Amino acid sequence: MTLKLAHQWPQNEKDYVIAAGVQFAKEVERLSDGDIKIRFFPAQSLVKAADTHTALKSGAIDLAIYPYIYSAGAIPEMNLVLLPGLWKSHDEVFAFKDTEAWKELEEKANKYGFKTLAWIQIAGGFASTKGPIRVPADLQSQKVRAAGKYMEGALVKAGASTSTMPSSETYGAMQSGLLDGLLTSSSSLGAYRVYEVSRHYVSPEDYSVYFTIEPIAISMKTWKELSPEQQKILVEAGRSVETKALEGARLEDKRVAQEFEENGVSVAKLTKADWDMWHDLFAAHAFSAFEKGVPNGAALLEKAISEQQ
């Protein structure tokens with residue numbers, strides 16, 4: 001049996017997300033004594049990134065590593081995983097996977113058509129050309145690419161103008177001046193070489209205003225075709241890479257910050273005081289927009305916040 005795994009990035013194992021996927025595939029093959037193999041389809045070669053959830057639902061692909069926020073159009077509650085200001089550290093995000101709030105989201109994902117096998121998370125940094133974007137006041141009159149609609153609305157309130165585009169288009173937008181800055185994941189900033197077209201970078205090594213959840217997922221159609229023993233193998237392989245992936249997330253933040261430095265970019269880090277300012281902005285605008293725009297959003301957000309205590 002060969003399962004098809006799709007993702008949107010170059011197949012470069014310097015990227016810890018890809019490394020986690022490769023390790024998962026090796027573990028599946030080992031545990032199955034070679035009966036289950038996984039073939040990678042990188043760089044949107046099999047399916048466009050934004051269509052990944054529908055391809056999983058239909059069974060057009062068996063597995064994927066992808067940002068779950070892409071499924072929010074079909075599962076509005078999934079907007080929670082990209083809600084800015086909700087978490088400030090990798091430890092907080094990793095703990096979220098064991099909460100009732102996440103179980104509620106996972107149940108909706110299962111009903112829609114995909115299941116989580118391995119939790120992978122990424123912090124996000126600010127790359128810019130005109131000046132460092134450390135606090136909301138730095139956004140005045142800046143043209144920026146935000147991460148998700150709830151962040152976009154909050155950044156506009158802070159004085160920015162926003163553009164919506166996939167990470168794969170940000171290099172050209174920064175190079176041409178269409179963007180003055182962007183917020184995206186460490187991995188995407190590295191994979192798309194944004195350091196070549198930036199002058200400033202605010203790294204999420206200590207604190208991050210948002211995180212992306214990019215698990216390894218399996219189509220429920222594929223899942224139901226597997227034997228109980230095969231299902232057990234995939235679950236075990238998924239769990240085996242999670243702790244290493246968490247450490248990889250931290251190292252990825254450092255690796256990407258170093259790439260910016262090596263390319264002559266001025267690098268800074270968010271402080272707790274900086275993060276608090278962002279949190280106040282997002283709590284005032286992004287949180288309320290989520291509560292109003294998502295079915296049962298207020299209760300879901302309250303549950304996620306209460307489970308952090």
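Note: hydrogens, waters and symmetry copies are ignored here, and every other heavy atom, side chains too, is used. Keep in mind the model is a prediction, meaning the values are calculated, not measured.
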Give the table of side-chain donor-acceptor pairs shorter than 3.5 Å for residues 288-304, with sequence neighbours excluded, one pair per line with atom names and distance.
residue	atom	partner	partner atom	Å
Ser288	OG	Ala284	O	3.2
Ser288	OG	His285	O	3.0
Lys303	NZ	Glu104	OE1	2.9

Residue pairs, two or more places apart or on separate chains, that pass ring pair (Phe, Tyr, Trp, His ring centres under 6.0 Å) and touch residues 220-261: Tyr195-Phe260, Tyr201-Phe260

Residues forming a side chain to side chain contact (heavy atoms under 4.5 Å, CB included) with Lys37, sequence neighbours excluded: Thr2, Glu29

Test item: Glu261 side-chain N/O and Val267 main-chain N/O as donor-acceptor pair under 3.5 Å: no

Any residue meeting salt bridge (Lys or Arg N to Asp or Glu O under 4.0 Å) with Lys48, in chain and number order, not counting sequence neighbours: none

Partners meeting side chain to side chain contact (heavy atoms under 4.5 Å, CB included) with Asp180 (sequence neighbours left out): Thr129, Lys130, Gln142, Lys143

Pair Trp275 and Trp87, ring centroids less than 6.0 Å apart: no

All side chain to side chain donor-acceptor pair (under 3.5 Å) counterparts of Arg39, not counting sequence neighbours: none

Minimum side-chain heavy-atom gap Thr184-Phe126 below 4.5 Å: no

Under the side chain to side chain donor-acceptor pair (under 3.5 Å) test, residues paired with Gln8 that sit two or more places apart: Tyr70

Just list the side-chain donor-acceptor pairs under 3.5 Å for residues 107-117, sequence neighbours left out, or say none.
residue	atom	partner	partner atom	Å
Asn110	ND2	Glu106	O	3.2
Asn110	ND2	Glu106	OE2	3.1
Asn110	ND2	Phe114	O	3.0
Thr116	OG1	Tyr68	OH	2.8
Thr116	OG1	Glu106	OE1	2.7

Pairs touching residues 226-253 that satisfy ring pair (Phe, Tyr, Trp, His ring centres under 6.0 Å), sequence neighbours left out: none

Set of side chain to side chain contact (heavy atoms under 4.5 Å, CB included) partners for Glu247, sequence neighbours left out: Arg250, Leu251

Pairing residues for Asp274 by the salt bridge (Lys or Arg N to Asp or Glu O under 4.0 Å) criterion, not counting sequence neighbours: Arg134

Residues which pass side chain to side chain contact (heavy atoms under 4.5 Å, CB included) with Glu196, listed by chain and number, not counting sequence neighbours: Tyr171, Arg193, Asn263

Aromatic contact, His53 with Tyr66 (centres under 6.0 Å): no

